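One structure below.
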Amino acid sequence: MPLPTEKVLQGQRALVTGGNSGIGAAVAHTLAMAGAKVAINYLSDRSSAESLVQKIKTAGGEALAVQADVSQEQAVQEMFQSVIQTWGSLDILVANAGVQQDAPLPEMSLAQWNQVLAVNLTGQFLCAREAVREFVRRGVTPELSCAAGKIICISSVHDIIPWAGHVNYAASKGGLLMFMKSLAQEVASEKIRVNGISPGAIRTPINRVAWDTPEAEAELLTLIPYGRVGDPIDIGRTAVWLASDASDYIIGTTLYVDGGMTLYPGFQEGG
Ligand code: BGC
């Protein structure tokens with residue numbers, strides 16, 4: 001699948017949390033190929049973040065790596081300060097960092113519950129708050145974009161599809177859906193666009209067991225009407241569009257990028 005060739009984000013500055021792997025890495029790379037400078041946040045795997053920075057630079061783009069645990073207030077504030085100091089401001093936040101800690105409910109520990117909520121929901125709050133503060137401070141820069149800033153919350157089809165054995169994850173994503181919409185309503189008058197992307201099953205490390213054998217993949221495909229597992233670049237291309245002025249009138253919307261997973265595929269026959 002081709003990367004975007006049009007520089008629709010030329011000169012804009014983006015931060016992608018969890019940008020060193022999976023969906024985040026594809027989003028960071030795709031934004032950079034669309035002309036944005038991209039700060040790649042990572043938690044602990046510095047070398048993967050640095051190698052993505054190199055890949056982007058080799059392709060003629062601009063990027064830097066920035067460490068922070070998105071669930072920690074001070075770390076998030078320092079990360080935003082450092083990116084804003086380096087590039088002068090910020091135009092795009094892709095709040096992508098997320099984790100799974102799966103267990104049947106009777107066996108789920110409080111630590112598993114808390115960690116998932118802390119990263120997937122509190123992390124979104126902490127990052128969005130810093131981004132909104134910067135967007136409001138700076139306002140619209142017409143040469144760069146019609147909007148003062150764009151926030152893209154990476155959620156999941158499990159913000160609407162219940163998921164047994166994953167109640168912490170589904171609860172975090174369900175919460176994120178209303179966080180995104182409420183924030184979109186709150187800051188639209190500041191010319192800030194907040195939207196969500198809810199990926200389905202995308203081929204990344206987080207769900208490797210669901211696709212890395214032919215049997216697992218065949219089982220997974222029964223849930224995907226379009227007949228293929230998603231590629232991280234499917235999300236990257238969507239993020240470029242949602243961050244660009246091509247989607248300027250889109251506020252508080254979730255794009256389900258899922259090959260039809262949210263269409264109740266069990267009803268393809270019968271019902
Ligand atoms: C989860 C994956 C899962 C997909 C579809 C994602 O949000 O992180 O593990 O494969 O939803 O169920």
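Bear in mind that the values here come from a model prediction, so they are computed numbers and not experimental data. First listed ligand is number 1; within each ligand, the first listed atom is number 1.
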Parallel, tilted or perpendicular: rings of Phe267 and Tyr264 (30°, 60°): perpendicular
Check: Ile197 and Leu242 side chains under 4.5 Å, non-hydrogen atoms: yes
Single-linkage hydrophobic cluster Ile233~Trp241, side-chain heavy atoms < 4.5 angstrom: yes
Identity and distance of the protein heavy atom lying nearest atom 5 (C) of ligand 1: His158 NE2, 3.5 Å
Ile161-Leu221 co-clustered via ILVMFWY side chain contacts under 4.5 Å: yes
Gln100 and ligand 1 - part of the residue with a heavy-atom distance under 4.0 Å: side chain
Best match, Asn207, Leu223, Ile224: closest heavy atom to atom 10 (O) of ligand 1: Asn207
Polar proximity ligand 1 side, Ser155 side, N/O cut 3.5 Å exclusive: no
4.0 Å heavy-atom contact, Gly200 with ligand 1: yes
Gln10 CD: over 12 foreign heavy atoms closer than 6.0 Å: yes
N/O separation below 3.5 Å, Trp163 to ligand 1: no
Distance filter under 4.0 Å to Ile206 heavy atoms, resulting ligand 1 atoms: 8 (O)
Parallel, tilted or perpendicular, as decided by the 30° and 60° cut-offs, for the rings of His158 and Tyr169: perpendicular
Residue Ser156 vicinity, atoms of ligand 1 by number, heavy atom under 4.0 Å: 6 (C), 7 (O), 11 (O)
